[in-house]
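All figures in this text were calculated on a predicted structure; none of them were measured in a lab.
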Amino acid sequence: MIAQPDPPRKFLLKNPFLYSGAALAIVALFVVWTIFSRWRENRGIEKRAREERTEKQQEQDRIALEQLGGKELTIQNFYATPGAVRRGGTVQLCYGVANAKTVKLEPQSNPVWPSYSRCVDVTPAKSTTYTLTIADAAGNTRTQSLEVKVR
(Lines give C-alpha, C1' and ligand atoms only; values in the text may rest on other atoms or scores of the structure.)
Protein backbone atom coordinates (compact mmCIF):
# COMPACT_ATOMS: atom_id res chain seq x y z
CA MET A 1 0.00 0.00 0.00
CA ILE A 2 1.11 3.30 -0.84
CA ALA A 3 1.22 5.64 2.04
CA GLN A 4 -0.76 8.69 1.50
CA PRO A 5 0.91 11.82 2.44
CA ASP A 6 -0.70 13.71 5.28
CA PRO A 7 -2.88 16.49 3.99
CA PRO A 8 -1.25 19.82 4.48
CA ARG A 9 -2.13 21.38 7.81
CA LYS A 10 -4.19 24.54 7.63
CA PHE A 11 -3.22 27.34 9.84
CA LEU A 12 -5.85 28.19 12.39
CA LEU A 13 -5.93 31.78 11.14
CA LYS A 14 -6.90 30.60 7.66
CA ASN A 15 -10.06 28.95 8.95
CA PRO A 16 -13.11 30.88 7.57
CA PHE A 17 -15.29 29.69 10.48
CA LEU A 18 -13.03 31.51 12.91
CA TYR A 19 -13.64 34.88 11.24
CA SER A 20 -17.35 34.39 10.70
CA GLY A 21 -17.77 33.13 14.30
CA ALA A 22 -15.85 36.10 15.64
CA ALA A 23 -17.96 38.47 13.53
CA LEU A 24 -21.16 36.85 14.81
CA ALA A 25 -19.92 37.08 18.39
CA ILE A 26 -19.13 40.79 17.97
CA VAL A 27 -22.55 41.45 16.42
CA ALA A 28 -24.26 39.47 19.21
CA LEU A 29 -22.38 41.44 21.89
CA PHE A 30 -23.31 44.72 20.19
CA VAL A 31 -27.00 43.73 20.05
CA VAL A 32 -27.00 42.64 23.71
CA TRP A 33 -25.22 45.85 24.76
CA THR A 34 -27.69 47.99 22.76
CA ILE A 35 -30.73 46.24 24.26
CA PHE A 36 -29.32 46.50 27.79
CA SER A 37 -28.39 50.18 27.47
CA ARG A 38 -31.86 51.07 26.11
CA TRP A 39 -33.52 49.07 28.88
CA ARG A 40 -31.44 50.89 31.49
CA GLU A 41 -32.18 54.27 29.90
CA ASN A 42 -35.92 53.52 29.86
CA ARG A 43 -35.77 52.58 33.53
CA GLY A 44 -34.14 55.93 34.27
CA ILE A 45 -36.77 57.81 32.28
CA GLU A 46 -39.59 55.95 34.04
CA LYS A 47 -38.01 56.63 37.43
CA ARG A 48 -37.70 60.37 36.71
CA ALA A 49 -41.29 60.47 35.44
CA ARG A 50 -42.48 58.67 38.58
CA GLU A 51 -40.55 61.12 40.78
CA GLU A 52 -42.01 64.09 38.88
CA ARG A 53 -45.53 62.68 39.27
CA THR A 54 -44.90 62.18 42.98
CA GLU A 55 -43.62 65.74 43.40
CA LYS A 56 -46.58 67.12 41.44
CA GLN A 57 -49.03 65.10 43.57
CA GLN A 58 -47.34 66.28 46.78
CA GLU A 59 -47.61 69.89 45.60
CA GLN A 60 -51.30 69.44 44.75
CA ASP A 61 -51.91 67.80 48.13
CA ARG A 62 -50.08 70.64 49.89
CA ILE A 63 -52.22 73.22 48.06
CA ALA A 64 -55.41 71.32 48.87
CA LEU A 65 -54.39 71.04 52.51
CA GLU A 66 -53.71 74.77 52.65
CA GLN A 67 -57.07 75.48 51.02
CA LEU A 68 -58.76 73.18 53.52
CA GLY A 69 -56.99 74.90 56.39
CA GLY A 70 -53.76 73.00 56.82
CA LYS A 71 -53.02 72.29 60.46
CA GLU A 72 -54.40 75.60 61.66
CA LEU A 73 -57.80 76.25 63.15
CA THR A 74 -59.48 78.46 60.56
CA ILE A 75 -62.83 79.71 59.37
CA GLN A 76 -62.44 79.29 55.64
CA ASN A 77 -65.66 80.97 54.66
CA PHE A 78 -68.74 82.44 56.29
CA TYR A 79 -71.34 84.17 54.16
CA ALA A 80 -75.07 84.71 53.69
CA THR A 81 -77.05 84.13 50.51
CA PRO A 82 -78.73 86.54 49.85
CA GLY A 83 -77.13 89.21 52.01
CA ALA A 84 -80.40 91.14 52.34
CA VAL A 85 -83.95 89.81 52.53
CA ARG A 86 -87.51 91.01 53.04
CA ARG A 87 -89.17 90.45 56.38
CA GLY A 88 -90.19 86.77 56.67
CA GLY A 89 -87.72 85.69 53.98
CA THR A 90 -85.22 82.88 54.35
CA VAL A 91 -81.44 83.30 54.14
CA GLN A 92 -78.81 80.61 53.91
CA LEU A 93 -75.84 81.07 56.22
CA CYS A 94 -72.96 79.05 54.82
CA TYR A 95 -69.70 78.27 56.54
CA GLY A 96 -66.58 76.18 56.13
CA VAL A 97 -64.11 75.45 58.90
CA ALA A 98 -60.87 73.53 59.20
CA ASN A 99 -59.57 71.55 62.19
CA ALA A 100 -62.48 72.57 64.41
CA LYS A 101 -63.80 70.34 67.19
CA THR A 102 -66.90 72.44 67.89
CA VAL A 103 -68.88 75.04 65.96
CA LYS A 104 -71.36 77.52 67.42
CA LEU A 105 -73.57 79.90 65.42
CA GLU A 106 -75.39 82.61 67.37
CA PRO A 107 -78.24 83.45 67.32
CA GLN A 108 -79.31 80.13 65.86
CA SER A 109 -81.71 77.35 66.80
CA ASN A 110 -80.61 74.82 64.16
CA PRO A 111 -77.71 72.54 65.09
CA VAL A 112 -74.32 73.17 63.48
CA TRP A 113 -71.16 71.09 63.41
CA PRO A 114 -67.65 71.17 61.89
CA SER A 115 -67.74 70.94 58.10
CA TYR A 116 -65.72 72.11 55.13
CA SER A 117 -68.96 73.27 53.50
CA ARG A 118 -72.35 73.53 55.21
CA CYS A 119 -75.34 75.84 54.93
CA VAL A 120 -78.10 76.54 57.45
CA ASP A 121 -81.44 78.22 56.72
CA VAL A 122 -82.40 81.15 58.94
CA THR A 123 -85.38 83.49 58.93
CA PRO A 124 -84.42 86.73 60.67
CA ALA A 125 -87.25 89.01 61.85
CA LYS A 126 -85.00 92.08 61.77
CA SER A 127 -81.46 92.91 60.68
CA THR A 128 -79.27 90.52 62.64
CA THR A 129 -75.57 90.01 63.17
CA TYR A 130 -74.65 86.31 63.19
CA THR A 131 -71.46 85.15 64.89
CA LEU A 132 -69.67 81.94 64.04
CA THR A 133 -67.34 80.65 66.77
CA ILE A 134 -65.15 77.58 66.35
CA ALA A 135 -62.86 75.81 68.80
CA ASP A 136 -60.28 73.04 68.47
CA ALA A 137 -59.39 70.26 70.91
CA ALA A 138 -56.75 72.45 72.59
CA GLY A 139 -59.33 75.16 73.38
CA ASN A 140 -58.17 77.69 70.77
CA THR A 141 -61.04 79.69 69.25
CA ARG A 142 -61.74 81.76 66.15
CA THR A 143 -64.72 84.05 65.61
CA GLN A 144 -66.23 85.76 62.59
CA SER A 145 -69.41 87.81 62.25
CA LEU A 146 -71.69 88.92 59.43
CA GLU A 147 -74.85 90.98 59.22
CA VAL A 148 -78.00 89.96 57.40
CA LYS A 149 -80.16 92.99 56.58
CA VAL A 150 -83.94 92.78 56.66
CA ARG A 151 -85.89 95.40 54.71
Side-chain angles (χ1 to χ4, degrees), residues 12-151:
L12 186 61
L13 296 177
K14 290 187 176 184
N15 187 348
F17 293 116
L18 175 69
Y19 295 112
S20 60
L24 283 175
I26 290 171
V27 168
L29 286 173
F30 178 74
V31 168
V32 168
W33 176 78
T34 303
I35 290 171
F36 175 75
S37 65
R38 288 185 180 176
W39 171 79
R40 197 173 71 193
E41 184 178 345
N42 284 341
R43 272 189 60 198
I45 291 169
E46 289 170 358
K47 183 179 178 184
R48 283 190 298 276
R50 192 171 36 251
E51 288 170 354
E52 287 175 7
R53 279 193 310 268
T54 301
E55 288 176 12
K56 187 180 268 187
Q57 184 64 42
Q58 287 175 344
E59 180 65 18
Q60 289 173 347
D61 290 348
R62 186 189 61 75
I63 291 169
L65 185 62
E66 285 177 3
Q67 289 175 345
L68 296 176
K71 296 178 183 176
E72 297 178 25
L73 176 67
T74 59
I75 297 174
Q76 296 170 325
N77 54 54
F78 182 44
Y79 60 94
T81 304
V85 68
R86 294 179 188 248
R87 191 175 314 260
T90 301
V91 175
Q92 277 196 330
L93 292 179
C94 299
Y95 65 91
V97 298
N99 300 311
K101 188 79 171 167
T102 61
V103 175
K104 189 162 84 172
L105 181 62
E106 296 177 324
Q108 171 60 17
S109 59
N110 296 335
V112 292
W113 53 84
S115 175
Y116 287 122
S117 177
R118 182 159 185 330
C119 294
V120 177
D121 289 332
V122 294
T123 308
K126 60 181 181 170
S127 292
T128 307
T129 299
Y130 290 92
T131 303
L132 180 70
T133 305
I134 62 172
D136 63 6
N140 300 319
T141 61
R142 301 285 184 272
T143 303
Q144 190 171 342
S145 299
L146 69 85
E147 183 180 7
V148 174
K149 296 185 181 190
V150 176
R151 298 186 215 145

Disulfide (SG to SG under 2.5 Å) pairs, two or more places apart, involving residues 81-114: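 Every pair satisfying disulfide (SG to SG under 2.5 Å) with a residue in residues 81-114: Cys94-Cys119.
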Applying disulfide (SG to SG under 2.5 Å), which residue pairs with at least one partner in residues 25-55 are found, sequence neighbours left out?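 Residue pairs with at least one partner in residues 25-55: there are none.
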Does a side-chain heavy-atom distance below 4.5 Å link [X] with [Y]?
X      : Y      : answer
Val150 : Val91  : no
Val112 : Tyr95  : yes
Phe78  : Leu105 : yes

Exercise: identify the closest heavy-atom pair between [X] and [Y]:
X      : Y      : result
Gln92  : Asp121 : CG-OD1, 3.0 Å
Leu93  : Ala80  : CD2-CB, 3.7 Å
Pro114 : Val97  : CA-CG2, 3.9 Å
Pro124 : Val148 : CG-CG1, 4.0 Å

Stepwise side chain to side chain contact (heavy atoms under 4.5 Å, CB included) test for Val103 and Leu132: CA-CA 7 Å; Val103 175; Leu132 180 70; 3.5 Å; yes
Can you sort out the partners of Phe17 under ring pair (Phe, Tyr, Trp, His ring centres under 6.0 Å), two or more places apart, ordered by chain and number?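 So Phe17 forms no ring pair (Phe, Tyr, Trp, His ring centres under 6.0 Å) with any residue.
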Would you mind listing every side chain to side chain donor-acceptor pair (under 3.5 Å) that reaches into residues 125-151, with sequence neighbours excluded?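 Qualifying pairs: Thr131-Ser145, Asp136-Asn140.
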Indicate every side-chain donor-acceptor pair of residues 31-38 with a distance under 3.5 Å to a residue at least two apart or in another chain.
residue: Thr34; atom: OG1; partner: Phe30; partner atom: O; Å: 2.8
residue: Ser37; atom: OG; partner: Trp33; partner atom: O; Å: 3.2
residue: Ser37; atom: OG; partner: Thr34; partner atom: O; Å: 3.0

In Å, rounded to the nearest 0.5 Å, how long is the span from CZ of Arg50 to CZ of Arg43?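 One finds 9.0 Å between CZ of Arg50 and CZ of Arg43.
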Report the residues that fulfil salt bridge (Lys or Arg N to Asp or Glu O under 4.0 Å) with Lys104, sequence neighbours left out, ordered by chain and then residue number.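 Here the qualifying residues are Glu106.
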